[in-house]
Colleague: 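Take this structure first; my questions come after.
For clarity, every value in this text was computed on a predicted model and none was experimentally measured.
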Amino acid sequence: MSFDKTRATAAEAVADIPDGASLAVGGFGLSGNPMQLIQALKDQGAAELSIVSNNCGVDGWGLGVLLSAGRIAKMTSSYVGENKEFARQYLEGELEVELVPQGTLAEKLRAGGAGIPAFYTRSGVGTQVADGGLPMKYHADGTVAKVSRPKDVRTFTMGRTGEKRYALEESIVTDFALVHAALGDRHGNLVFTKATRQFAPPAAMSATVCIAQVERLVEPGEIDPDHVHLPGVYVHRIVEVGPDIEKPIEKRTVREETR
């Protein structure tokens with residue numbers, strides 16, 4: 001049995017993703033977006049996708065590419081404020097949206113990958129996140145078509161903090177994951193850079209099939225095991241995209257020029 005998980009192109013790596021598939025996609029803002037895989041998936045044509053990701057990119061970049069092409073049916077995210085097309089589709093009833101607190105979203109993915117079906121958390125207790133009623137989808141006329149359901153809330157005592165209320169969150173398992181890494185080997189061991197580590201590892205863990213694009217591909221044994229952020233057991237396909245890919249900055253802040 002060969003452990004070489006490489007694919008020649010991004011198109012080959014995503015070729016079997018079908019209509020209606022669920023995907024977990026890495027990225028934090030525009031950092032670590034698996035752009036070559038996203039573009040290949042757009043070109044491949046899969047539609048009615050359910051995507052779990054911290055955010056949906058921006059107009060014309062990241063997951064915004066799939067959104068603008070009308071390929072996303074449902075988006076599960078923690079932050080959606082940088083994409084005008086996202087707002088339009090949501091408010092006009094074209095897109096279903098499930099909002100999840102950021103840390104909870106990461107843990108729902110991680111827990112899914114670890115085989116934990118659900119967990120209790122303090123996040124969202126006392127709000128519509130736990131009580132239900134958040135609009136998830138609108139009708140075209142602006143009326144609410146679907147709202148979030150209330151979650152089970154129980155009281156627990158942890159250590160000396162006293163009794164506190166916790167909401168039950170179900171874990172997330174997806175059909176596929178798309179992630180970007182700085183470095184990987186042919187066995188699928190991955191090394192991420194800075195903010196890319198926020199969501200890429202748990203997204204990869206949650207998926208039945210994880211597809212990774214890497215800037216640099218090396219031979220097995222070249223990565224110090226102590227430096228591996230995600231073991232290859234979670235990665236099923238890997239494609240090298242090179243270091244000279246475009247990496248836009250979401251909001252560039254610079255000092256005024258001094259003379």
Side-chain angles (χ1 to χ4, degrees), residues 20-29 32 48-56 63 72-81 83 86-87 89-91 93 95-139 143-179 195 197-210 229-231 233-234:
S22 60
L23 294 92
V25 181
F28 190 75
E48 293 296 310
L49 302 171
S50 294
I51 297 184
V52 182
S53 187
N54 177 64
N55 55 287
C56 197
L63 287 170
I72 303 176
K74 179 181 178 182
M75 194 74 208
T76 301
S77 295
S78 63
Y79 179 69
V80 295
N83 193 316
F86 186 103
Q89 289 191 24
Y90 174 47
L91 295 175
L95 178 69
E96 182 176 339
V97 177
E98 182 177 3
L99 292 173
V100 182
Q102 195 167 78
T104 301
L105 183 60
E107 180 60 13
K108 283 163 76 78
L109 291 165
R110 189 207 67 82
I116 301 168
F119 58 91
Y120 282 92
T121 176
R122 288 271 291 153
S123 297
V125 173
T127 74
Q128 285 183 303
V129 170
D131 298 341
L134 279 172
M136 296 179 67
K137 192 167 186 180
Y138 287 92
H139 293 295
T143 58
V144 176
K146 181 178 180 181
V147 298
S148 62
R149 295 179 299 172
K151 295 172 181 173
D152 180 52
V153 177
R154 294 181 56 186
T155 299
F156 294 94
T157 300
M158 294 184 64
R160 299 181 181 180
T161 61
E163 290 188 347
K164 296 186 183 297
R165 297 167 69 227
Y166 293 78
L168 182 69
E169 290 282 357
E170 295 185 8
S171 302
I172 293 174
V173 175
T174 62
D175 301 321
F176 294 87
L178 307 179
V179 299
R197 290 181 65 186
Q198 298 279 12
F199 276 92
M205 291 173 66
S206 77
T208 302
V209 176
C210 173
H229 295 145
L230 184 73
V233 67
Y234 291 110

Colleague: Shortest non-hydrogen contact from Val179 to Ala203?
Modeller: CG1-CB, 4.4 Å

Colleague: Among residues at least two apart in sequence or on other chains, which ones pass side-chain contact (heavy atoms from CB on, under 4.5 Å) with Lys74?
Modeller: Ser50, Thr76, Glu96, Glu98, Met136

Colleague: Ser22: which residues meet the side chain to side chain donor-acceptor pair (under 3.5 Å) condition with it, sequence neighbours left out?
Modeller: Asp175

Colleague: Quick check: closest heavy atoms across Leu95 and Lys137, and the distance to 0.1 Å?
Modeller: O-CG, 4.1 Å

Colleague: Tell me whether Asn55 contacts the main-chain N or O of Tyr79 through its side chain, where contact means a donor paired with an acceptor under 3.5 Å.
Modeller: no

Colleague: Quick test of your reading: applying ring pair (Phe, Tyr, Trp, His ring centres under 6.0 Å), list the pairs with at least one residue in residues 148-170, sequence neighbours left out, ordered by first then second residue.
Modeller: Tyr120-Phe156, Phe156-Tyr166

Colleague: CG of Leu99 to OG of Ser148: how many Å apart, nearest 0.5 Å?
Modeller: 9.0 Å

Colleague: Measure across Met75 and Leu63 and return the closest heavy-atom pair with its distance rounded to 0.1 Å.
Modeller: CE-CD1, 3.6 Å

Colleague: Could you list the donor-acceptor pairs under 3.5 angstrom formed by side chains in residues 101-113, with sequence neighbours left out?
Modeller:
from: Gln102; atom 1: NE2; to: Asn54; atom 2: OD1; distance (Å): 2.8
from: Glu107; atom 1: OE1; to: Arg110; atom 2: NE; distance (Å): 2.9
from: Glu107; atom 1: OE2; to: Arg110; atom 2: NE; distance (Å): 3.4
from: Glu107; atom 1: OE2; to: Arg110; atom 2: NH2; distance (Å): 2.8
from: Lys108; atom 1: NZ; to: Glu169; atom 2: OE1; distance (Å): 3.2
from: Lys108; atom 1: NZ; to: Glu170; atom 2: O; distance (Å): 2.6

Colleague: Under the side chain to side chain donor-acceptor pair (under 3.5 Å) rule, collect the residues that match up with Thr157, sequence neighbours excluded.
Modeller: none

Colleague: Restricting to non-hydrogen atoms, name the atom on Thr174 and the atom on Ile172 that form the minimum distance, rounded to 0.1 Å.
Modeller: CG2-CG2, 3.8 Å

Colleague: Are the side chain of Ser53 and the backbone of Val25 linked by a donor-acceptor contact shorter than 3.5 Å?
Modeller: yes

Colleague: State, yes or no, whether a side-chain contact exists between Arg197 and Leu230 at a heavy-atom distance under 4.5 Å.
Modeller: no

Colleague: To the nearest 0.5 Å, what is the distance between CZ (Phe199) and OG (Ser206)?
Modeller: 11.5 Å

Colleague: With sequence neighbours excluded, what pairs up with Tyr90 under the ring-ring contact (aromatic ring centres under 6.0 Å, His included) test?
Modeller: Tyr138

Colleague: Just wondering, are more than 12 heavy atoms of other shown residues or ligands nearer than 6.0 Å to CD in Gln128?
Modeller: yes

